[in-house]
*Asks:* 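Let me begin by handing over the structure; questions about it come next.
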Amino acid sequence: KMFFYAAALCLTAVGFASCTAEDEVFPDAVVSIPEDETAVPVEGGAITFNLTTPTNEPFSVQTPDWIEFLEDATMTRGVNSTTAYHFEVAPAVSYEERVGVIRVVAKSGLQDSLVVVQEGVNLSFNLEDYAAPAAGGALAAKLTALPGYTVECPEWIKMNEDPATTHVDAQTAEVTFTVAMNDTGAERQGEIKIACSDDEHTVTITVQQEAIVYTTQKGYWAFATADD
C-alpha cells in the first residue's frame with residue numbers, strides 16, 4: 001500500500017521493538033496492518049489495530065507528533081506475531097482537516113502504514129436566530145471554536161465572557177450575552193458574529209428585538225412593537 005501525504009512528512013520514530021534477542025528473519029515474514037485508513041473525530045481519541053510483524057525481527061513505529069503510541073501486547077506468535085497496538089490522537093487544533101500516517105518499518109525493510117484523517121473544528125453556534133424580549137435579558141448559546149476568535153456585536157448586545165480564555169480547555173463552551181432593553185420605539189435587528197483569527201471561518205446569530213412603547217395614558221411600560 002502506498003500513500004503520500006504532505007501532512008505526514010513530519011514523523012516521530014518510537015524506538016525499535018523486538019520479541020526476542022535473535023535477529024532471524026523468515027522468508028514468509030510480513031508487516032501488515034489490517035486497514036488502509038481510519039477517521040478520527042475532532043475531539044481525538046483512541047486508535048487500536050492488530051499489527052502483524054516478523055517474530056524475531058526488530059521494527060520501528062513512526063507517528064506524527066499529534067498521535068501518541070501507548071503500548072503493545074503480544075496476542076499470537078509464530079513465524080509472524082500479531083500484536084494489538086494502541087495510539088491516542090490529540091484533539092484537533094485547526095479548523096482544517098489534517099492527515100497523518102502511522103508507519104511500521106521492519107529492519108529488513110518490510111513496512112506497512114495506516115493513514116489517519118482527523119476532521120477540523122467546525123466553528124458553530126447551536127442556534128441561528130434569537131427573538132429577544134423588549135425588556136432585554138440574557139442570551140446563552142453553545143459555541144464551538146478555538147481560542148483566538150473575535151466577537152462583533154451591535155452596541156446593545158455585550159458578550160460576558162473573555163474570548164481569549166473561554167475555549168482554552170474545551171472546544172465547545174457556553175457563552176452568554178446581555179441584550180439591553182429596547183426603548184428606541186422601533187423593532188431592531190442585529191448580528192453576533194464570531195470569526196476565527198484569519199477571518200476565513202465565521203458564524204453568526206441574528207437577534208431580533210421588539211420595542212418597548214411607553215403609554216402615557218395608562219402610565220406604564222408596555223411590551224409592543226412600534227406598530228402597536
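What you are looking at is a predicted structure, and each value in this text was computed from that prediction instead of being measured.
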*Asks:* Looking only at non-hydrogen atoms, find the nearest pair between Ala132 and Val207 and report the distance.
*Replies:* CB-CG1, 4.1 Å

*Asks:* Just verifying a value: how many Å separate Lys107 NZ and Thr53 OG1, rounded to the nearest 0.5 Å?
*Replies:* 14.5 Å

*Asks:* Are Phe177 and Tyr130 close enough that their ring centres sit under 6.0 Å apart?
*Replies:* no

*Asks:* Between Ile194 and Ile157, is there a shared hydrophobic cluster once you connect ILVMFWY residues whose side-chain heavy atoms come closer than 4.5 Å?
*Replies:* yes

*Asks:* If you group Ile, Leu, Val, Met, Phe, Trp and Tyr by side-chain heavy-atom gaps below 4.5 Å, do Met159 and Leu146 land in one group?
*Replies:* yes

*Asks:* For residues Ile33 and Asp112, report the shortest heavy-atom separation together with the two atoms involved.
*Replies:* N-OD2, 2.8 Å

*Asks:* Is it true that, when you exclude Glu128 itself, more than 12 heavy atoms of the residues, nucleotides or ligands shown sit nearer than 6.0 Å to its CD?
*Replies:* no

*Asks:* Please check if the side chain of Gln208 supplies one atom and the backbone of Glu187 the other of a donor-acceptor pair under 3.5 Å.
*Replies:* no

*Asks:* Does Val179 share a hydrophobic cluster with Met181, counting links as ILVMFWY side-chain heavy atoms below 4.5 Å and allowing steps through other members?
*Replies:* no

*Asks:* Which heavy atom in Val99 sits nearest to a heavy atom in Trp66, and how many Å separate them?
*Replies:* C-CZ2, 3.7 Å

*Asks:* What distance separates Ser94 OG from His201 NE2, expressed to the nearest 0.5 Å?
*Replies:* 7.5 Å

*Asks:* So, does Tyr95 use its side chain to make a donor-acceptor pair with the main chain of Cys196 at under 3.5 Å?
*Replies:* no

*Asks:* Do side-chain atoms of Gln118 reach the backbone of Pro41 as a donor and acceptor pair under 3.5 angstrom?
*Replies:* yes

*Asks:* Following the transitive rule for hydrophobic clusters with a side-chain heavy-atom cut-off under 4.5 Å over Ile, Leu, Val, Met, Phe, Trp and Tyr, establish whether Val40 and Val42 coincide in one cluster.
*Replies:* no

*Asks:* Is it the case that the side chains of Thr172 and Thr144 hold a donor-acceptor pair, with the cut-off being a distance below 3.5 Å and no angle test?
*Replies:* yes

*Asks:* Minimum heavy-atom separation for Gln189 and Trp156, please, with both atom names.
*Replies:* C-CZ2, 3.8 Å

*Asks:* Got a second to check how far Gln111's CD is from Ser32's OG, nearest 0.5 Å?
*Replies:* 13.0 Å

*Asks:* Per the side chain to side chain contact (heavy atoms under 4.5 Å, CB included) rule, which among Val101, Val105, Val31, Ile102 passes with Ser113?
*Replies:* Val101

*Asks:* Under a plain distance cut-off of 3.5 Å, with no hydrogens placed, do Thr176 and Asn160 share a side-chain donor-acceptor pair?
*Replies:* yes

*Asks:* Would you confirm whether Glu119, through its side chain, and Arg98, through its main-chain N or O, come within 3.5 Å as a donor-acceptor pair?
*Replies:* no

*Asks:* Any donor-acceptor pair under 3.5 Å linking the side chain of Asn50 with the backbone of Thr82?
*Replies:* no

*Asks:* Taking all non-hydrogen atoms of both residues, which atom of Pro154 and which atom of Gly190 are closest, and how far apart?
*Replies:* CG-CA, 4.1 Å

*Asks:* Give the minimum heavy-atom separation between Glu210 and Asn182, together with the two atoms involved.
*Replies:* O-ND2, 3.1 Å

